[in-house]
Every structure is written in structure tokens, then in C-alpha cells.
**Q** 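What follows is a single structure, and I will ask about it in a moment.
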Amino acid sequence: MKRCDLHIHTVPSVSDRMFTYDKDVLLDYVAKTELDVIAITNHNLFDYAQYQEIKDTLTQIVVLPGIEVDLENGHILVIANNDDGTLFDFNSKCEEVKNLIKTKDDDISYDTFIRIFGDLSKYLLIPHYEKEPKLHKDTIEKLGRNIIAGEVSSVKKFIYMEKEDTELTPVYFSDFRIEKGVTPDKYPVSHTFFDVDQVNVNTLKLCLIDKTKVSLTSEKGIKLFQIFPNGQMLSTGLNIMFGKRSTGKTHTLNAIASRFEGKAKYIKQFELLNTSRSDSEQFENDLKVRQENSAEDYLREFSVIVTDILKTCSADEDEMKLQKYLEAVMSSAQQSDVNDVFSKSKLFNESDFKELSFDEIKKLINATLTLLESQLYKSLVNKHLPEASLKSLLKELIEQCRKDNVANLYFKEVNNIIKMVKESLQLKSAAPRIPNIDLYQYFINKKKREIFAQVAIAIKKNRTISTEKAGHFTISVSARPFANATDLKTVGLKQVSLINAFAEYGNPIQYLDELKAAGVESNRIYKLFAAIDYRILNSSGLPVSGGERSEFNFLQKIKDAILCDILIIDEPESSFDNLFLKNEVNKFIKEMAENMPVIISTHNNTIGGSIKPDYILYTEKR
């Protein structure tokens, strides 16, 4: 098994931060981490002279030439063989890339990338995959069989990609800047082991085709990864750290958390004990945030309807326009004797051309794009809708959209001409002019208000939105009507009087008008139609007590860790009793450890050996 770091920076560029290269740091890094293979992959450049110096110095390992290219808003490593013939050609291609990337915001297109590098089979291509900035899946798809591996940013993402048959082979590298002042304790240990004998581009590619030949450790099948430069390992699953008090458990956990650069969920000792008023207030604030999020989820579609109805003319405005129109028609009929050559002109009472709406065609374009960009269900989509047909449809839809846009430009110009002519004719005629009215829009607006009223009444009916179990707790989210004007204040509108508005709560249209009149911001109005209750109940169906709040918070923090790269818990028994830990916490922790590294420090066997960890660490102070 060869230990490889194929993502190392030795030269700053316009696409990178400034740093000062130190050859001695590189030599020490390679020696202390026992690397067998490295690749020098600077951003959008290749320093031929420096590479030769590094290669000639590190004769005991394989040093491969490479470059990290900004390709279509993502990054991709291009790694070549290190023979002299390949190096000369590779250097000239990298010079082209360097000349095209002038600022940190520049990148090159797929077509340019192909033109520069030509036959991609000569290189090992590794895109940022589960790592920012990711190379877009469309670009990866265009690169086809040349892409067999993807770079990840964490052990958790490596585990995920390794398990999923549909994912690329994962690789985990340091992305290390070899700079002056870096001490050995800060050396990265983000390395991937390849099961190869001879090292070149072809053997590495053959290895990456088989996921079983790629590992985080030197032993295949062992689910461990290195956490510290001193060789200390952790399991990719559940780790338990034993040790007497004051033997460095917390110190070690802090060091582990720092290695994950803000991507660790770290639940510290005593952190969740709600013993003060501020803790109780924090729980209430967290509850309020969850309630607001639940209201947002429940009312999201309704907010679209409210936004639309706010843009629609009010019933009074529409009726006023209709009345003026009817009066003008009657007046014109009664005063037909005053018609003259000007009033008899065709443009005197001409209606405007109605501009085309883009709503429908934009939906169709987005829907077609969604079908084309789907990766997970691509084969199923193409079984019924061939990709060529979808692309042809997309092209025609876009062309139609452009035609409609041009038509609208004509309509605007013609309407302006009609308006000027009508105004000129009106000045020269004594006959009354019939105002322009869109009767179709009048009836559309009327129907919109009717449907809005129906939805507004339906949305505030008493109903349970969702119930979710979290250990012995139940999270209940429900909807109900607001009880009174004071109840409306719970949405956060402290400075606005809503007494008059609430008097019309049973009539959605009038209620909407009163909310606008009261000065409620238009983007908050939708929240005032239905009250959302978010309740946390214990096993008896009652609201949680002070001690139970701590238990609930603990379970929630464990669940929230799914968004992080590692879960770290420091002595949970300091805050909770053994029964709660054994019956509920252990189950949650085991579930989390199936998808990410979890490490718990303890001196208690209940949350220790009985949980059957994958790996045990023992601390001792000497």
C-alpha cells in the first residue's frame, strides 16, 4: 500500500493565498508522515524548475507533476507522468492555462480545457467532487471515462462515496501549502493509500477503478484513519476514549476538533445543563426559532399566493375601472351626434396589444433542465425521454422564448404609438373616448380573489402538521386559527396595532386590506393567517420540564451533527443519568456512527464498553 498525497501547493498564484515556500518543511513533512507518493499541484501553473529540484531532492519517493485547474467554476487536478518527454509537453500545456487565468475570478471552459490538454487518457484527472469548489456534474459527465475518482474534504464524505456503488472512487488529500513556519504538529494527515506496486498514471488509474484497492489506512478493510501526525488513529465509526480524570481526555478532544477546522460538532462537558435563567431563555429562543421554521415550511406555498394577490388590483379598483368603462360606453352611445372625423378614426378607441406572459414557458424550460441535469434518475428519464429529444426540446423552448420576447418589444412600441395617436385625436375631437380595459384580466383577478379566500380559510383550520419521535420525546407541529389580536403579536409584530385587522379575520380579502392599512410589511403578511404551534412533549404527553429540556437538547445536538464531519461528546455522564444514556443516547450515537466518525470521552462503563465501540483509546498522563 502506497501512502499518497496528490494535492500539494508549493507556489502561490492569483487563484491562491500568499505563502512562502520552504523546502525543509516539505522534506520534513514527507519524512514524518511517511509518504510514498506526492504530486505538486499548484493553482493554474506548473513551475518546471522548482518541480525538478523537488524531484531530484526527494529521490526516495515518487514525485508526480500536476496542476490544479479552475474549470467552469470548479477545480480539477491534472496529474501527469514524471518522465522527461511527458514533462516537457506538460509544462507547455500548463503555460497556456497560466496565461488564460489572470485573476482569481477567471476560469477556463470545457472546450478550452480539451484544446489545451488534448488526449486526456494520458493524465490522471481528479475533480473536486465532495469538496468546494465542486466541479459541476455536467462537466464531469462530459469528461466521461476520464473521471474515475473524486476528491473529498472529509473522512465522512470518503465513507459515503466508498459505500455508494453509483459514486466515484473517493480520494482524500491534504491540499497543503508547504510554507515557512509550519510545525510538525500542524502537518495534515489527509492521505489516501493505493494498493499498487509500480507508481505511474496508468497504475494509479487502474487502482482507482476498484474501490477495494483504495483506503484511509495501510491495511485494506480496516476502517481507520489517522488523526494526528504521531500516528494516532481513529475509527471511521464509533470511538470511545477511556481514562481517569485529568489524564488529557478533554485536551485530546480539543485537538481532534481543531483538526476539522469548524466542521466538528463538539458537545462539551456540562454544556447542556439547564441550571440558570439564561439557559431557560435560550431553550425558549431555540423553541421559537424551530416554531418559525415550521411556520415557514407550512406556509411556503401560501406565501406565493399572498405575494400574487398583493400584486393584483383590489376589488374596489377593478370595479371602479369597470364602472368608468361602462359609463364611457353609455356616454359614447348617447353622444353619437358629436362624432367627427377624428372620433371615427379606427385608433380613437383602439385597445392596447396585450403583452405575452413568460411564466408558462419558463416553467417548461426549468422542467426540461431538471430532467436533463438529473444524475440519480438519468437512466430512467432517458429510457422514456431520450437525451437528444430533451436537448432539442430545450433548444426550441429557448428559441420560442426569444421570439415571444421580441414580440413583446414590438407590442410595447406599437402601444406607445397608439397612445400618442389617441391622445392627439382626443385633443381634436369633442366626442368622449372609451377608456381601455382588459375585461379578461378583470375576471382573472376576480377568480384569484375567490380562490385566495378559499385557501386562506382552509389554511387556518385546526390540524396536526407533523409529529416526530426523538427518544421518549414527541415533537408536535400543528396549525390553528389565531385567537385574538394579542395572539397575532406572537408572530413578532410588536409595534403594529392589529385590533382593527383582527375584526376582519373571518373575511380574508378585507383582512388582507386591513393588514396593509395597519402597515404590516408585505413579506410578513402571509404569516398572519394561521398560527403554528411547535411543542415538545414528554412520554406522558406533557410539555417538557427543566431537566427534560437538557435531555431533549442533547438528542437534538446529536441529530444536528449529521451536517458536520465528526461528532465529539465529552463525558455525557457528567450531565445525564445512566438510564437516559443507556436507553436513548446510545441508540442515537450508534446510528450516527454508521455514517460518520463519532468520538466520546467517558470514565463510565454505561456509555463506554457496553455500547460496543469500533475503537477504544485510553489516556494516561505521564
**Q** Hey, is OH on Tyr410 packed in by over 12 heavy atoms from elsewhere, all under 6.0 Å?
**A**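 No, OH of Tyr410 has 12 or fewer neighbouring heavy atoms, counting only those of other groups under 6.0 Å.
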**Q** Once side chain to side chain donor-acceptor pair (under 3.5 Å) is applied, do any residues pair with Gln291, and if so which ones, sequence neighbours excluded?
**A**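 Listed in chain order: nothing, the list is empty.
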**Q** So, using side-chain contact (heavy atoms from CB on, under 4.5 Å) as the criterion, who are the partners of Arg300 when residues are at least two apart?
**A**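 Per chain and number, Arg300 pairs via side-chain contact (heavy atoms from CB on, under 4.5 Å) with Glu296, Asp297.
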**Q** Given the rule in the side chain to side chain contact (heavy atoms under 4.5 Å, CB included) test, do Asn507 and Glu504 qualify, once you have shown the distances and angles that lead to the verdict?
**A** CA-CA 5 Å; Asn507 190 322; Glu504 301 293 342; 4.3 Å; yes
**Q** Checking Glu319 against Tyr442: is there a side-chain donor and acceptor pair closer than 3.5 Å?
**A**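 Yes, a side-chain donor-acceptor pair sits under 3.5 Å.
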**Q** Taking NZ, NE, NH1 and NH2 as the nitrogens, is one of them in Asp487 or Arg480 under 4.0 Å from a carboxylate oxygen of the other?
**A**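 Arg480 and Asp487: salt-bridged.
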**Q** Taking CG in Leu439 as the centre, count heavy atoms belonging to other residues, nucleotides or ligands within less than 6.0 Å. Is the count above 12?
**A**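 Yes, because the 6.0 Å sphere around CG of Leu439 holds more than 12 heavy atoms from other groups.
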**Q** About how many Å separate CD1 of Ile509 and CD of Glu450, when rounded to the nearest 0.5 Å?
**A**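 Interatomic distance, Glu450 CD to Ile509 CD1, rounded to 0.5 Å: 9.5 Å.
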**Q** Report yes if the side chains of Asn254 and Tyr266 come closer than 4.5 Å at any heavy-atom pair, otherwise no.
**A**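 Yes, their side chains come closer than 4.5 Å.
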**Q** For a 4.5 angstrom cut-off between non-hydrogen side-chain atoms, does Leu515 reach Leu528?
**A**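 Leu515 reaches Leu528 side chain to side chain.
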**Q** So do Ile599 and Met241 actually touch side chain to side chain, heavy atoms under 4.5 Å?
**A**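 Yes, at least one pair of side-chain atoms sits under 4.5 Å.
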**Q** Who passes side chain to side chain donor-acceptor pair (under 3.5 Å) against Asp560, sequence neighbours left out?
**A**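 Checked Asp560 against side chain to side chain donor-acceptor pair (under 3.5 Å); zero matches.
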**Q** Take atom CZ in Arg535; do more than 12 heavy atoms of anything else shown fall under 6.0 Å from it?
**A**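 Count not over threshold, so no.
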**Q** Are the side chains of Tyr615 and Leu238 in contact, using a 4.5 Å heavy-atom criterion?
**A**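 With C-beta onward as the side chain, the pair stays apart.
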**Q** So if I apply the side-chain contact (heavy atoms from CB on, under 4.5 Å) rule between Ser478 and each of Asn462, Asp533, Thr467, Ile532, which one comes out positive?
**A**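 Checked Asn462, Asp533, Thr467, Ile532 against Ser478; only one passes side-chain contact (heavy atoms from CB on, under 4.5 Å): Asp533.
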**Q** Calculate, to the nearest 0.5 Å, the distance between atoms CG and CG belonging to Leu488 and Leu498 respectively.
**A**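 If we round to the nearest 0.5 Å, Leu488:CG and Leu498:CG are 5.5 Å apart.
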**Q** Would you say NZ of Lys311 has more than 12 non-hydrogen atoms from neighbouring residues, nucleotides or ligands within 6.0 angstrom?
**A**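 Result for NZ/Lys311: open.
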**Q** Would you say that more than 12 heavy atoms from the other residues, nucleotides or ligands in this model lie under 6.0 Å from the NZ of Lys163, or not?
**A**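 More than 12 heavy atoms, drawn from other residues, nucleotides or ligands, come within 6.0 Å of this atom.
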**Q** Measure the spacing between CD of Glu355 and CG of Asn408 and express it to the nearest 0.5 Å.
**A**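 Atom-to-atom, Glu355:CD and Asn408:CG are 4.5 Å apart.
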**Q** So, are Lys448 and Asp308 salt-bridged, with charged N and O less than 4.0 Å apart?
**A**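 Yes, charged N to carboxylate O under 4.0 Å.
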**Q** With salt bridge (charged side-chain N to carboxylate O under 4.0 Å, His left out) as the criterion, how do Lys527 and Glu521 come out once you've worked through the C-alpha distance, each side chain's angles and the decisive distance to 0.1 Å?
**A** CA-CA 11 Å; Lys527 297 180 179 181; Glu521 296 173 3; over 6 Å; no
**Q** Quick check: do Cys401 and Ile365 have side-chain heavy atoms less than 4.5 Å from each other?
**A**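 Touching, per the 4.5 Å side-chain cut-off.
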**Q** Give every donor-acceptor pair under 3.5 Å between a side-chain atom in residues 155-162 and any protein atom, sequence neighbours left out.
**A**
residue : atom : partner : partner atom : Å
Lys156  : NZ   : Ile562  : O            : 2.2
Lys156  : NZ   : Cys564  : O            : 2.9
Lys157  : NZ   : Ser153  : OG           : 3.2
Tyr160  : OH   : Glu167  : OE2          : 3.3
Glu162  : OE1  : Lys223  : NZ           : 3.3

**Q** Would Asp565 and Lys265 satisfy salt bridge (charged side-chain N to carboxylate O under 4.0 Å, His left out), going step by step from the backbone distance to the final call?
**A** CA-CA 8 Å; Asp565 290 336; Lys265 183 67 175 181; over 6 Å; no
**Q** Listed by chain and number, what are the side-chain contact (heavy atoms from CB on, under 4.5 Å) partners of Asp438, not counting sequence neighbours?
**A**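 Per chain and number, Asp438 pairs via side-chain contact (heavy atoms from CB on, under 4.5 Å) with Lys354, Tyr440, Gln441.
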**Q** Can you tell me how far CG of Leu394 sits from CG of Leu364, rounded to the nearest 0.5 angstrom?
**A**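 Leu364 atom CG to Leu394 atom CG measures 10.5 Å (nearest 0.5 Å).
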**Q** Starting from the C-alpha separation in whole Å, work towards a yes-or-no answer on side chain to side chain donor-acceptor pair (under 3.5 Å) for Thr474 and Lys469.
**A** CA-CA 5 Å; Thr474 300; Lys469 295 293 291 183; 3.3 Å; yes
**Q** Please name all residues satisfying ring pair (Phe, Tyr, Trp, His ring centres under 6.0 Å) with Phe353, sequence neighbours left out, ordered by chain then number.
**A**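 For Phe353 the ring pair (Phe, Tyr, Trp, His ring centres under 6.0 Å) partners, ignoring immediate neighbours, are Phe411.
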**Q** Got a second to check how far Leu322's CG is from Lys324's NZ, nearest 0.5 Å?
**A**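 The NZ atom of Lys324 is 12.0 Å from CG of Leu322, to the nearest 0.5 Å.
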**Q** Tell me, with the steps shown, if Leu567 and Ile267 meet side chain to side chain contact (heavy atoms under 4.5 Å, CB included).
**A** CA-CA 8 Å; Leu567 170 61; Ile267 305 174; 4.2 Å; yes
**Q** Counting heavy atoms not belonging to Glu261, are there more than 12 under 6.0 Å from its CD?
**A**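 Count not over threshold, so no.
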**Q** To the closest 0.5 Å, what do you measure between CD1 (Ile525) and OG1 (Thr307)?
**A**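 Going from the CD1 atom of Ile525 to the OG1 atom of Thr307 covers 9.0 Å.
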**Q** Would you say the side chain of Asp352 lies within less than 4.5 Å of the side chain of Val414, judging by non-hydrogen atoms?
**A**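 Val414 vs Asp352: side chains apart.
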**Q** With Glu350, which residues qualify under salt bridge (charged side-chain N to carboxylate O under 4.0 Å, His left out), at least two apart?
**A**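 Salt bridge (charged side-chain N to carboxylate O under 4.0 Å, His left out) check on Glu350 returns nothing, list empty.
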**Q** Ignoring hydrogens and geometry beyond distance, is a side-chain donor-acceptor pair present between Tyr534 and Asn293 at under 3.5 Å?
**A**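 No, because no side-chain N or O of Tyr534 sits under 3.5 Å from a partner of the opposite role on Asn293.
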**Q** Just wondering, do Tyr172 and Glu151 contact through their side chains at under 4.5 Å, heavy atoms?
**A**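 A side-chain contact is absent here, since even the closest heavy-atom pair is not under 4.5 Å.
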**Q** Quick one: list whatever passes side-chain contact (heavy atoms from CB on, under 4.5 Å) with Ser540, sequence neighbours left out.
**A**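 Once residues adjacent in sequence are excluded, the partners of Ser540 under the side-chain contact (heavy atoms from CB on, under 4.5 Å) criterion are Asn538, Leu542.
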**Q** State whether the side chain of Lys249 and the backbone N or O of Gly243 hold a donor-acceptor pair below 3.5 Å, judged by distance alone.
**A**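 Judged by distance alone, yes, a pair lies under 3.5 Å.
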**Q** With Tyr511, which residues qualify under ring pair (Phe, Tyr, Trp, His ring centres under 6.0 Å), at least two apart?
**A**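 Listed in chain order: Tyr505, Phe529.
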**Q** Is there a donor in the side chain of Thr312 and an acceptor in the side chain of Asn445, or the other way round, less than 3.5 Å apart?
**A**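 No, Asn445 and Thr312 have no side-chain donor paired with an acceptor closer than 3.5 Å.
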**Q** Salt-bridge test for Glu399 and Arg402: reply yes if a basic N is under 4.0 Å from a carboxylate O, no otherwise.
**A**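 Judged by the 4.0 Å cut-off on N to carboxylate O distance, Glu399 and Arg402 do not form a salt bridge.
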**Q** Return the set of residues passing side-chain contact (heavy atoms from CB on, under 4.5 Å) with Val544 (not counting sequence neighbours), or none when no residue passes.
**A**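 Scan of Val544 (side-chain contact (heavy atoms from CB on, under 4.5 Å), adjacent residues dropped) gives Phe283, Phe473, Ile536, Glu548, Arg549.
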**Q** Could you walk me through whether Asn239 and Ile616 pass side chain to side chain contact (heavy atoms under 4.5 Å, CB included), step by step?
**A** CA-CA 6 Å; Asn239 302 266; Ile616 295 174; over 6 Å; no
**Q** Could you work out, with side chain to side chain donor-acceptor pair (under 3.5 Å) as the rule, every residue matching Glu327, not counting sequence neighbours?
**A**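 With sequence neighbours excluded, Glu327 shows a side chain to side chain donor-acceptor pair (under 3.5 Å) to Gln323, given in chain and number order.
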**Q** Should the pair Arg245-Glu571 be classified as a salt bridge under the 4.0 Å nitrogen-to-oxygen rule?
**A**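 Here Arg245 pairs with Glu571 in a salt bridge, since their nearest N and O are under 4.0 Å apart.
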**Q** Should Lys288 and Glu292 be marked as a side chain to side chain contact (heavy atoms under 4.5 Å, CB included) after you check the CA-CA gap, both sets of side-chain angles, and the distance that decides it?
**A** CA-CA 6 Å; Lys288 187 175 180 181; Glu292 288 175 355; 3.6 Å; yes
**Q** Any side-chain heavy-atom pair from Glu141 and Lys378 closer than 4.5 angstrom?
**A**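 Yes, their side chains come closer than 4.5 Å.
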**Q** Considering residues at least two apart in sequence or located in another chain, which fulfil the side chain to side chain donor-acceptor pair (under 3.5 Å) criterion with Lys391?
**A**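 With sequence neighbours excluded, Lys391 shows a side chain to side chain donor-acceptor pair (under 3.5 Å) to Glu387, given in chain and number order.
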